[in-house]
Structure formats: C-alpha cells, structure tokens
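Heads up: the structure comes next, in structure tokens.
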Amino acid sequence: MASSYTLSFIPSTVAVPRRSASSPSSSSLIPPPSLLGKKLLVTQPSRRCFVSKKHRCFLTYASTVFSVPTAQPENGSSDKIPKWSARAIKSLAMGELEARKLKYPTTGTEAILMGILVEGTSTAAKFLRGNGITLFKVRDEIIKLLGKSDMYFFSPEHPPLTEPARKAVDWAVDEKKKSGVDGELTTAYLLLGVWSQKDSAGRQILEALGFDEDKAKQVAESMNEDVDLSFKKQSQ
C-alpha cells in the first residue's frame, strides 16, 4: 500500500486591516477639490499591488503543497524521510506553474523538467543549460510531443502529478534514502528521477535534446552538491 509524504512551506502573511466607513481615517478617501467633477474609479486595494513580481513568484512556489507518494511503506520514523532542498521544492512548484501556463490538466515529467530550468540556479539546471537544453527548447519539444491545449480550457489551480511524475518523485526519494548521504534531496535527484521513467514525456524530450546515459552519470556525480541550501540562506 503506497504512503505519502507532504512537502509544504507556507509563508506567513500580514493581514491588512479594513477600515470601516465610520472610521475617522476614512476622510482621507475624499478627493481633493482639484479632482472634483472628474470620473474616478475607486476599488478595493489588492495585496498584489504591494508585492513585486519577484516576490509574487516566491509566494507562488512557497505556498504550493505537494503530496509526494513513495513506494516504501511508512515506518513511523521521520528521520527516514529525506529533507528537500529549497531549489528542489521550487522546481516542483515551478513545474506545476508551467503546466498551468500550457493549460495542461496535470503536472507531468515534462513539467518537472521545465520547473528545474525555470528555477535555474541548481547544479542540475546549470548542467542542462551547459549542454544546450534550455527552457525554450524544452517547451517547443513539449508542444511537438503533446500538442497545445484548447484555448478555452483552464487548468486546475494545482494540476495533479501524472503517474510517471509520481514515479519520478518516488525514485528521487528512494535513491536519496539508499545513498546513505546526509543532507537534502537536491534537484539533481528530480532530474534523474525524470530520466528514470523511460516512456515518459520528460525522458523523450531529454533524449530529443541530446541527453543520454553518459550525461546522466555526470549529473549523478553532483547529486548532493546543493545540500546546504535553505530558504533562510537564500534570503541572506
């Protein structure tokens, strides 16, 4: 019976108090005389207008919750569950976002591959780019392989992982546990997890762009290089 891990990083938010119409400070909403007679549109302020594009992306991946299945039964010991690096979590979240951009109903191995490249700072992402595998090329290959979604179709807020994508994540988790190396599960594990699924879209796209077993072995040599990264260190 398959069990699941839950990866989550929920940012703390600051509530913006709403002022009532009877509040004395509501007088500040009265336009100055120079604006009288003009057509004004008064709307409820949105939190997004106070958040930069960069930080909106952070909130997108930071608030994403993944239920990651594993082929290994839970034994009740939390020390057996590998800790995920910030880059690996962001790669999964960005993969989900890329699937939504393409209006796909699910998050597949091809979306995880895009997520790795969108995150962009991991050893795995740098290796891919260094070998000519870029986000634009991957996206083009995805459209060639899977086609475009209907323009009137809207993806769910959190497109679920496909079976190959779940197996890719399972592979990453299990390989990290088998390695016996302390530290975090890095993005390289995710990339090799995608590569391990031979019939998946992600594997086919990697092959089409020149990724092979030799390159997979090179990635495997640096699987634990991002283990010291954390959200706290990223913000420093």
Side-chain angles (χ1 to χ4, degrees), residues 7-9 11 51-66 68 82-102 104 107-143 145 155 158-159 161 165 168-169 171-172 176 183-197 200-212 215-216 218-236:
L7 301 179
S8 61
F9 184 84
V51 182
S52 66
K53 182 177 180 181
K54 177 180 178 182
H55 290 118
R56 283 203 301 271
C57 291
F58 172 79
L59 293 176
T60 299
Y61 77 78
S63 61
T64 302
V65 179
F66 289 92
V68 183
K83 180 181 177 181
W84 287 63
S85 72
R87 286 170 173 152
I89 295 173
K90 182 176 179 180
S91 295
L92 279 176
M94 292 297 100
E96 182 183 273
L97 184 60
E98 290 301 308
R100 291 185 62 192
K101 286 181 180 178
L102 291 177
Y104 286 167
T107 302
T109 53
E110 73 288 343
I112 295 177
L113 181 56
M114 283 193 294
I116 292 172
L117 289 165
V118 170
E119 189 282 326
T121 66
S122 67
T123 302
K126 292 176 181 178
F127 181 87
L128 290 174
R129 288 198 304 272
N131 285 273
I133 303 176
T134 65
L135 176 62
F136 297 106
K137 290 181 180 179
V138 168
R139 188 178 286 126
D140 288 342
E141 290 294 328
I142 289 174
I143 294 175
L145 183 64
S155 299
H158 297 290
L161 293 174
V169 176
W171 186 95
K176 178 60 182 177
E184 299 171 331
L185 186 154
T186 65
T187 311
Y189 282 95
L190 284 180
L191 176 57
L192 294 180
V194 171
W195 180 250
S196 70
Q197 303 306 304
S200 69
R203 166 102 182 207
Q204 294 178 51
I205 290 166
L206 283 171
E207 289 176 339
L209 295 175
F211 195 89
D212 54 24
K215 289 184 174 61
Q218 293 179 49
V219 173
E221 293 174 358
S222 59
M223 290 175 75
N224 297 291
E225 287 191 3
D226 294 335
V227 293
D228 293 329
L229 185 67
S230 67
F231 281 110
K232 183 177 180 180
K233 290 181 181 180
Q234 239 183 2
S235 62
Q236 292 177 345

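Here the closest heavy-atom approach between residue A99 and residue S155 is recorded as O-OG, 3.9 Å. Considering all non-hydrogen atoms of both residues, T109 and A201 come closest at OG1-N, 3.6 Å. Taking every heavy atom of both residues into account, K176 and G183 meet most closely at CE-O, 3.4 Å. Shown here for S85 and T187, the closest heavy-atom pair between the two residues is OG-N, 4.3 Å.
Listed by chain and number, the residues in a side-chain contact (heavy atoms from CB on, under 4.5 Å) with E141 are K144, I205, A208, L209 (sequence neighbours excluded). For E207, the side chain to side chain donor-acceptor pair (under 3.5 Å) partners two or more places apart in sequence, or in a different chain, are R203. In terms of the ring pair (Phe, Tyr, Trp, His ring centres under 6.0 Å) criterion, residue partners of F211 (sequence neighbours excluded) are, by chain and number, W195. Under the side chain to side chain donor-acceptor pair (under 3.5 Å) criterion, R100 pairs with no residue at all, not counting sequence neighbours. Residues that satisfy the side-chain contact (heavy atoms from CB on, under 4.5 Å) test with A172, not counting sequence neighbours, are L185, Y189, L190.
Within the 4.5 Å cutoff, no side-chain heavy atoms of L206 are placed close to those of K215. Looking at heavy atoms from C-beta onward, T107 lies out of side-chain contact with L92 at the 4.5 angstrom threshold.
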Please output the side-chain donor-acceptor pairs of residues 124-136 that fall under 3.5 Å, not counting sequence neighbours, one pair per line with the distance.
residue: R129; atom: NH1; partner: G120; partner atom: O; Å: 3.0
residue: R129; atom: NH2; partner: G120; partner atom: O; Å: 3.1
residue: N131; atom: ND2; partner: F127; partner atom: O; Å: 2.8
residue: T134; atom: OG1; partner: K137; partner atom: N; Å: 3.3

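For the atom pair L97 CG and L102 CG, the distance stands at 10.0 Å (nearest 0.5 Å). With rounding to the nearest 0.5 angstrom, the CD1 atom of I112 is 12.5 Å from the CG atom of L117. Rounding to the nearest 0.5 Å gives a distance of 9.5 Å between CE of M94 and CD of E119. Taken to the nearest 0.5 Å, the CD atom of E96 stands 8.0 Å off from the CG atom of L161. In this structure, CD on Q218 lies 13.0 Å from OG1 on T123, to the nearest 0.5 angstrom. Separation of atoms CD (E98) and CG (L113) is listed at 10.5 Å; rounding is to 0.5 Å.
Side-chain N/O atoms of E184 and T186 include no donor and acceptor closer than 3.5 Å.
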